Every structure is written in structure tokens, then in C-alpha cells.
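Take a look at the structure below.
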Number of protein chains: 2
Amino acid sequence: MSGHESAVSRLRAQGYRMTPQRLSVLDIVARRTGHVGADEVWNLAREEHPYVDLATIYRTLQWLKGLGVVTEVIIGNKLHFEMADHHNPHNHMVCSVCDGVQTLTPDYLAEFSQRLEQEFGFSPNLDNITIGGMCNQCRAVT
Amino acid sequence: MSGHESAVSRLRAQGYRMTPQRLSVLDIVARRTGHVGADEVWNLAREEHPYVDLATIYRTLQWLKGLGVVTEVIIGNKLHFEMADHHNPHNHMVCSVCDGVQTLTPDYLAEFSQRLEQEFGFSPNLDNITIGGMCNQCRAVT
DNA sequence: TCCGTTAATGCAAAAATTTGCGCCAGCAAA
DNA sequence: TTTGCTGGCGCAAATTTTTGCATTAACGGA
């Protein structure tokens, strides 16, 4: 266990059942510095619980994402996840050439977000947004 | 044919082979006002060319997207496409509750884009970005 | 018009993700 | 501790999208 006990107790307090599968997924994502692929979470989870199903991994990850506990990053057509750091929230820029990931503080998106809210009444959910493009190095090569 | 001849001749001039499949996909997307799902493009294309493969549809759509001819919109876990309107470019906001789509002129994203470029040397490709969130009506209901 | 090059297709399979359903187990209350 | 409710899980299948490979056909040049 590495510092996600608060998340666990908060979830339990909200009435969610904390199954071994969920604890395992949470533990795996929390342990990792940086993002993990869904398949990778599955493989690691199976070391502890050999019977755990991939569908459960996906369902758990989507659930945690919806609750703001984890953040989704799309890297080359695959979903990755990392612990949402509420003390240091950030978005991601992913280079489509090298799949490199850079982070971005949300204030870069703040004005944009506010305008959508004010002018359209649309509440964007930008927590899990991934900005695609080309990074500095890859652009230099071309 | 409905006004995408210029795209066709431009593509041909660039050395791409304009196969019946490609013309068909282009025709289907151009005819439609608004977005089409990949599966829908396939079904329509098969009316003309019964043997056309779904993989070809996907490949063609990705190809056109890369060339800026069509724009991708992600609606509820499915890819949709529409003709890129260079006279009136826009992005999309999709409500995760009702799957409704609203459009957005790119100047809403312009400042954000410039900052990424200037401060990180990262060239974002925002042409095909889909902003998820909740629309006015759905928020009112909740 | 015919030919050669090679890009694009069809086909089949894989990869990635989601969903329906019946059973099981987490957890609160007795 | 036992029980009951029901949310969550495993399983299997479906969906959606991508990929490898052999064959085909677009199109410029002879």
C-alpha cells in the first residue's frame, strides 16, 4: 500500500464495495510513478489474483476515472491510467510520433474551459483530456 | 458528386490513387450534412461496391483525416467523421449524457494552442479534438 | 493501348474495449 | 455470527478498430 488509503476509505464511505480486485487495481496504479496500460494492470493484478478478469480491470479503471481517482491518458490508440494528483493536477500532451508524454498544468486550459461554460452552458470535463501533436524533438527531426 | 471534386483532384495531383473505394467514401461523407459513423459509411459504400472491406473504410477515413480532408468526432466510444470545412473550421463538444454535438470555432482554442507552441515547442493537432462534457439541457435535468 | 511499378485492397486474424447475464461475495443490519 | 440485499465479478460473446500479407489494380510512361 502506498498512500492511497485515503482514497480507499473515501470510496468505502461513499458506499462502494472495496473488493480485492478493486484494491489491487488501485494499488497497482498508485505504486507506479507515471501511467500504466490497462493490459499491464491486468498482468500485474493476476500475479495476486490469478482469476481476475480483464473486463473487471476495464470496469474498475473506468469507475475510478469517473470518480476522479485516476486519470486517463490516450497513448497511441491505447488507454493508460495514472493516479489523479489533486495536489498537482495536470493534463497530458502526447507526441504522435514518439508517444512521449509531457504534462501540463490545468491553468493552460482554464480560460478555454470558462468560455465554454459561460458562452454555451457546456461543462467540459477536461480532467482526462489528451492533447495530441508533435513534440519539440520529433519536429526537429522532420 | 456534391462539391468535393476539388478535394479529389487535389489528392490525385498529390500522387494518391483515387480508387472507387476512396471516391465512394469521400462521396458518402461529403453528401452527409453532419457526422457519419464508420460502420454507416461501410453500409452505404457496400450499396455501390458490395465487396468493399471495412478495413478499407477505416484506412481511408484515417487517411483523409491525416490529410485534413475529413474531421474525426468521437461520440460515445465510436468514431464519426465529417467533411472538414476549411471555410468554416470548427471543433466539437460532445455531451456524454445525450451524445449531442455542438460546434466550436477554433479561435476558442487558439490562445491555448499558441501557448503550447511557444512554451513547450509542442505543436498540438487540435483539428480533430473532441471536447467531452455535459451540455446545458442535460445539466439542467440532473 | 499495353506494361510495369507499387500503392491500395480484400481477407483473415489480432488487438483493444465494451456489454449481457447469472452467480457470488461485500457489508450492513439483525 | 448469521442473513439478506444487491453491487460487482467471471465468463463469454459482441463491438470497434487495427494490422500483416498476398493479390490486385491505378496510372504514368513506353
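These numbers come from the heavy atoms of this one structure, side chains and all, not from hydrogens, waters or symmetry mates. Proteins get letters first, then strands, A, B, ... in listed order; numbering begins at 1 in each. This one's a predicted model, so the numbers in the text were calculated from it and none came from an experiment.
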Show me the donor-acceptor pairs, under 3.5 Å and distance only, between side chains in residues 52-61 of chain B and residues at least two apart or in other chains.
| from | atom 1 | to | atom 2 | distance (Å) |
| --- | --- | --- | --- | --- |
| Asp53(B) | OD2 | Ala55(B) | N | 2.9 |
| Thr60(B) | OG1 | Thr56(B) | O | 2.7 |

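Using a 4.0 Å cutoff on non-hydrogen atoms, no part of residues 35-43 of chain B comes near DNA chain C. Near DNA chain D, meaning a heavy atom under 4.0 Å away, there are no residues from residues 62-75 of chain A.
Among the atoms of the strands shown, base atoms are found under 4.0 Å from some heavy atom of Leu54(B).
The main-chain N or O of Glu72(B) is found under 3.5 Å from a side-chain atom of Asn128(B) such that the two form a donor-acceptor pair.
A pairwise comparison of heavy atoms in Gln102(B) and Cys135(B) identifies NE2-CB, 3.8 Å as the closest pair. Scanning all heavy atoms of the two residues, the minimum distance from Asn91(A) to Pro106(A) falls at OD1-CA, 3.8 Å. Of all heavy-atom pairs between Arg139(A) and Phe122(B), the closest is NH2-N, 4.4 Å.
Residues satisfying the side-chain contact (heavy atoms from CB on, under 4.5 Å) test with Val36(B), not counting sequence neighbours, are Arg32(B), Glu40(B), Val41(B). The ring-ring contact (aromatic ring centres under 6.0 Å, His included) test applied to Phe112(B) returns no partner, not counting sequence neighbours. In this view, Glu119(B) and Tyr108(A), Arg115(B) satisfy the side chain to side chain donor-acceptor pair (under 3.5 Å) rule, not counting sequence neighbours. Residues satisfying the side-chain contact (heavy atoms from CB on, under 4.5 Å) test with Asp85(B), not counting sequence neighbours, are His87(B), Asn88(B). Applying the side-chain contact (heavy atoms from CB on, under 4.5 Å) criterion to Ser24(A), with sequence neighbours excluded, gives Ile28(A), Ala45(A), Glu48(A), His49(A).
At whole-Å resolution of the value, NZ in Lys78(B) and P in dT15(D) are 10 Å apart. Going from atom CG of Leu11(B) over to atom C1' of dA7(C) covers 14 Å, rounded to whole Å. Following rounding to the nearest Å, Arg22(A) (CZ) and dA25(C) (C1') show an atom-to-atom distance of 12 Å. Straight-line distance from the CG atom of Leu61(A) to the C1' atom of dT19(C): 17 Å, rounded to whole Å. If you take CD1 of Ile57(A) and P of dC11(D), they are 13 Å apart, rounded to a whole angstrom.
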_Sugar-phosphate or base contact per nucleotide [nucleotides 19-30 of chain D; S, B, -; heavy atom under 4.0 Å]_ = BB----BBS---
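Over its length, the helix from dT1(C)-dA30(D) to dA30(C)-dT1(D) turns its helix axis by 20°, as judged from the five terminal pairs at each end, rounded to 10°.
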_Audit row: Leu67(A), Leu11(A), side-chain contact (heavy atoms from CB on, under 4.5 Å) steps and yes/no_ = CA-CA 9 Å; Leu67(A) 292 170; Leu11(A) 293 172; 3.6 Å; yes
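Residue pairs meeting the salt bridge (Lys or Arg N to Asp or Glu O under 4.0 Å) criterion with at least one partner in residues 73-83 of chain B, sequence neighbours excluded, are Asp39(B)-Lys78(B).
The hydrophobic cluster containing Val94(A) also includes Val73(A), Ile75(A), Val101(A), under a criterion of side-chain heavy atoms closer than 4.5 Å among ILVMFWY residues, counted directly or through chains of members.
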